[in-house]
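Below: one structure, written as structure tokens.
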Amino acid sequence: MGSGIWSFSPSKVLLAYLKKLENTKDKNVAVYVTCILSGNSLKKISNVLTTQGAKVIETASFRSFFENDPGKIKEAKVFAESLVQKLKL
């Protein structure tokens with residue numbers, strides 16, 4: 001589950017959507033945000049998902065993710081590859 005950040009918080013629309021999700025019990029979920037300053041956004045999103053019964057297996061914050069920066073792209077790739085490895089277990 002990913003979100004951009006507005007005023008140090010995840011989108012209110014995203015949080016409302018997550019609160020209405022069904023069938024999340026025991027589902028593995030990764031949470032990421034794209035931003036300069038994320039505040040406690042990862043925690044807010046993770047809390048909503050765990051309240052819904054999901055298992056947050058990983059979180060990440062990517063700064064200025066949409067820049068064409070090979071280092072930032074590599075960081076996102078490493079995050080994705082770590083998720084694949086965790087889900088293989």
Side-chain angles (χ1 to χ4, degrees):
M1 192 59 57
S3 177
I5 302 301
W6 292 273
S7 299
F8 307 104
S9 294
S11 161
K12 290 180 183 181
V13 173
L14 174 70
L15 293 176
Y17 169 77
L18 294 177
K19 289 175 184 176
K20 292 182 181 182
L21 280 178
E22 297 178 358
N23 302 316
T24 56
K25 186 169 174 33
D26 298 323
K27 301 286 185 190
N28 292 324
V29 180
V31 176
Y32 70 92
V33 295
T34 59
C35 61
I36 298 295
L37 299 170
S38 64
N40 61 359
S41 298
L42 287 170
K43 186 174 182 177
K44 285 181 182 180
I45 296 169
S46 296
N47 286 345
V48 171
L49 289 166
T50 55
T51 298
Q52 297 295 92
K55 296 178 184 176
V56 177
I57 60 170
E58 191 71 61
T59 63
S61 178
F62 300 104
R63 292 181 53 127
S64 303
F65 184 73
F66 295 105
E67 293 176 8
N68 190 11
D69 180 326
K72 291 177 182 163
I73 293 169
K74 182 178 179 182
E75 183 182 351
K77 183 179 177 185
V78 168
F79 175 67
E81 289 170 346
S82 75
L83 294 176
V84 170
Q85 292 303 315
K86 285 184 178 188
L87 294 174
K88 284 184 178 180
L89 298 176

Might you work through the side-chain contact (heavy atoms from CB on, under 4.5 Å) test for K44 and V48, ending with a clear yes or no?
CA-CA 6 Å; K44 285 181 182 180; V48 171; 5.9 Å; no

Gap separating the CD1 atom of I73 from the CZ atom of F62, nearest 0.5 angstrom
11.5 Å

Under the criterion side-chain contact (heavy atoms from CB on, under 4.5 Å), I'd like the reasoning laid out for K55 against D26: C-alpha separation, chi angles, the key distance, then a yes or no.
CA-CA 6 Å; K55 296 178 184 176; D26 298 323; 3.7 Å; yes

Once you round to the nearest 0.5 Å, how far does NZ of K86 lie from CG of N28?
10.0 Å

Separation between CG (L18) and OG1 (T51), nearest 0.5 Å, reads 10.5 Å

If you group Ile, Leu, Val, Met, Phe, Trp and Tyr by side-chain heavy-atom gaps below 4.5 Å, do V31 and V78 land in one group?
no

Shortest non-hydrogen contact from A54 to V29?
CB-CG2, 3.7 Å

Distance check, rounded to the nearest 0.5 Å: I45 atom CD1 versus T50 atom OG1?
12.0 Å

Could you report the tightest heavy-atom contact between E58 and S82, atom names first, then the distance?
OE1-OG, 4.3 Å

Heavy atoms from other residues, nucleotides or ligands near CD of E81 exceed 12 (cutoff 6.0 Å):
yes

Specify the closest pair of heavy atoms between L42 and A60, including all atoms of both residues, with the distance to one decimal.
CD2-O, 3.4 Å

Measure across F79 and A30 and return the closest heavy-atom pair with its distance rounded to 0.1 Å.
CZ-CB, 4.1 Å

What distance do Q52 atom CD and K20 atom NZ have between them, rounded to the nearest 0.5 Å?
11.5 Å

Are I57 and L83 packed together at the side-chain level, in the sense that at least one heavy-atom pair is separated by less than 4.5 angstrom?
yes

Look up atom OG in S61 and atom CD in E75, then write down how far apart they are to the nearest 0.5 Å.
8.5 Å

